[in-house]
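See structure below.
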Amino acid sequence: MKRAKNDVSKELIIETALRLIEQNKGLKNVNLRGIAKEIGCAHTNLYNYFNSFDEIIWETLEQILLKMIDHVEVNVVSTTNDEEKFYAALEAILEFSLMHPEWYRIVWFESIDGTPTASTAEILVRPMEGFNNLLIKASGGMLTEEKANTVANILHSYLHGEVCKMISDRSPTSCKEETCVRILSNLKQLYKLLIKEEDQ
């Protein structure tokens with residue numbers, strides 16, 4: 001059924017792209033015509049809202065990051081202890097990544113042509129800035145911004161490697177819950193070792 005032109009919106013286009021990315025397990029076979037078909041409009045209608053398919057994907061990436069940030073914030077809001085809040089954030093990031101493996105691939109694996117808009121570029125740095133702020137508070141102010149960035153990069157590299165193994169079915173154990181417990185335990189130990197090292 002054809003959708004009326006005024007029923008189409010930027011939000012609908014992005015939500016449709018997100019859904020198709022999950023259905024197709026990544027960007028493969030996701031294109032302008034496919035998004036328009038799913039919405040029920042002519043593909044030319046999408047140009048009323050975006051200049052190109054690449055612009056749609058950049059804004060889709062922006063929405064993925066905003067959804068992840070929201071997920072983390074919801075999971076840390078009830079925690080008062082700064083260190084426990086940081087651990088809760090790690091758990092929320094892991095949980096979100098495994099709940100949406102196709103979105104995770106868009107964030108870290110897929111090549112996107114063109115350049116992000118200024119607003120999208122601002123969103124791209126927000127997750128790491130928030131992560132670093134939580135890390136500095138968790139350390140009791142022990143870490144400078146520069147040191148926090150170093151520790152955050154090490155922790156993220158480990159987490160990223162583990163998530164990649166899990167979403168690619170390369171994890172040594174098939175029990176997802178057991179693997180998540182191990183990953184979070186390792187992240188805590190790694191965090192404590194890195195903080196101890198920075199304190200010396």
Side-chain angles (χ1 to χ4, degrees), residues 7-28 30-32 34-36 38-39 45-79 82 84-138 145 148-149 152-153 155-157 159-160 162-164 166-167 180 183-184 187:
D7 286 342
V8 179
S9 65
K10 287 186 80 167
E11 293 74 21
L12 178 62
I13 295 167
I14 296 301
E15 286 302 320
T16 303
L18 285 169
R19 191 169 62 254
L20 288 174
I21 287 166
E22 291 207 296
Q23 287 174 6
N24 294 333
K25 301 192 182 301
L27 273 181
K28 189 178 181 182
V30 177
N31 53 47
L32 208 63
I35 294 170
E38 186 76 11
I39 291 171
N45 284 3
L46 305 189
Y47 288 111
N48 293 318
Y49 305 92
F50 296 97
N51 294 318
S52 65
F53 175 69
D54 295 332
E55 191 176 313
I56 292 174
I57 299 306
W58 277 114
E59 289 214 24
T60 300
L61 172 57
E62 175 184 330
Q63 282 306 307
I64 291 170
L65 294 177
L66 288 172
K67 287 175 186 290
M68 185 189 71
I69 290 168
D70 286 345
H71 184 76
V72 171
E73 288 177 349
V74 164
N75 282 275
V76 303
V77 72
S78 61
T79 311
D82 285 332
E84 290 303 318
K85 189 170 282 198
F86 179 65
Y87 295 154
L90 289 171
E91 185 172 0
I93 293 166
L94 176 60
E95 181 182 62
F96 184 86
S97 302
L98 297 178
M99 278 172 24
H100 304 286
E102 290 77 22
W103 293 359
Y104 190 86
R105 288 185 176 99
I106 297 299
V107 174
W108 295 108
F109 300 156
E110 301 281 3
S111 175
I112 306 173
D113 292 331
T115 55
T117 62
S119 64
T120 299
E122 187 270 326
I123 297 298
L124 293 178
V125 300
R126 274 183 59 189
M128 190 53 83
E129 286 178 350
F131 190 79
N132 284 6
N133 288 337
L134 285 171
L135 182 54
I136 290 169
K137 288 178 182 176
E145 245 180 76
N149 192 52
N153 279 323
L155 292 173
H156 177 261
S157 295
L159 178 58
H160 177 63
E162 291 286 2
V163 170
C164 288
M166 289 187 76
I167 67 176
C180 287
I183 293 169
L184 291 169
L187 281 166

Any [X] side-chain heavy atom under 4.5 Å of [Y] side chain:
| X | Y | value |
| --- | --- | --- |
| Glu95 | Asn75 | yes |
| Ile93 | Phe131 | yes |
| Phe50 | Ile14 | yes |
| Ile123 | Arg126 | yes |
| Leu61 | Leu124 | yes |
| Pro101 | Met166 | no |
| Leu184 | Tyr87 | no |
| Leu134 | Lys85 | yes |

Taking the six-membered ring of Phe86, is NZ or CZ of Lys137 closer than 6.0 Å to its centre and within 45° of its axis?
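So Lys137 doesn't make the cation-pi contact.
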
Working to the nearest 0.5 angstrom, can you tell me the gap between [X] [atom1] and [Y] [atom2]?
| X | Y | atom1 | atom2 | value |
| --- | --- | --- | --- | --- |
| Glu122 | Thr117 | CD | OG1 | 10.0 Å |
| Trp103 | Lys67 | CH2 | NZ | 5.0 Å |
| Leu32 | Ile13 | CG | CD1 | 8.5 Å |
| Leu90 | Leu155 | CG | CG | 6.5 Å |
| Ile167 | Glu162 | CD1 | CD | 12.0 Å |
| Ser111 | Ile106 | OG | CD1 | 10.5 Å |

Closest contact, heavy atoms only, [X] versus [Y]:
| X | Y | value |
| --- | --- | --- |
| Glu110 | Gly26 | OE2-CA, 4.2 Å |
| Ile112 | Asp54 | CG2-O, 4.2 Å |
| Ile35 | Thr16 | O-CG2, 3.9 Å |
| Ala152 | Leu135 | N-CD2, 3.6 Å |
| Leu12 | Val8 | CD2-CA, 4.3 Å |
| Met99 | Glu22 | O-OE2, 4.3 Å |

Strictly distance-based, threshold 3.5 Å: is any side-chain N or O of [X] a donor or acceptor partner for the main-chain N or O of [Y]?
| X | Y | result |
| --- | --- | --- |
| Trp58 | Asp113 | yes |
| Asn132 | Glu129 | no |
| Arg19 | Glu38 | no |

Are more than 12 heavy atoms, taken from residues, nucleotides or ligands other than Gln63, located less than 6.0 Å from that residue's CD atom?
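Yes, because the 6.0 Å sphere around CD of Gln63 holds more than 12 heavy atoms from other groups.
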
Can you confirm whether Glu145 is buried at CD, in the sense that more than 12 heavy atoms of other residues, nucleotides or ligands lie under 6.0 Å from that atom?
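Open: at most 12 neighbouring heavy atoms sit under 6.0 Å from CD of Glu145.
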
Between Tyr104 and His100, does the ring centroid distance fall short of 6.0 Å?
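Ring centroids of Tyr104 and His100 are no less than 6.0 Å from each other.
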
Determine, stepwise, if the pair Glu91 / Leu94 fulfils side chain to side chain contact (heavy atoms under 4.5 Å, CB included).
CA-CA 5 Å; Glu91 185 172 0; Leu94 176 60; 5.8 Å; no

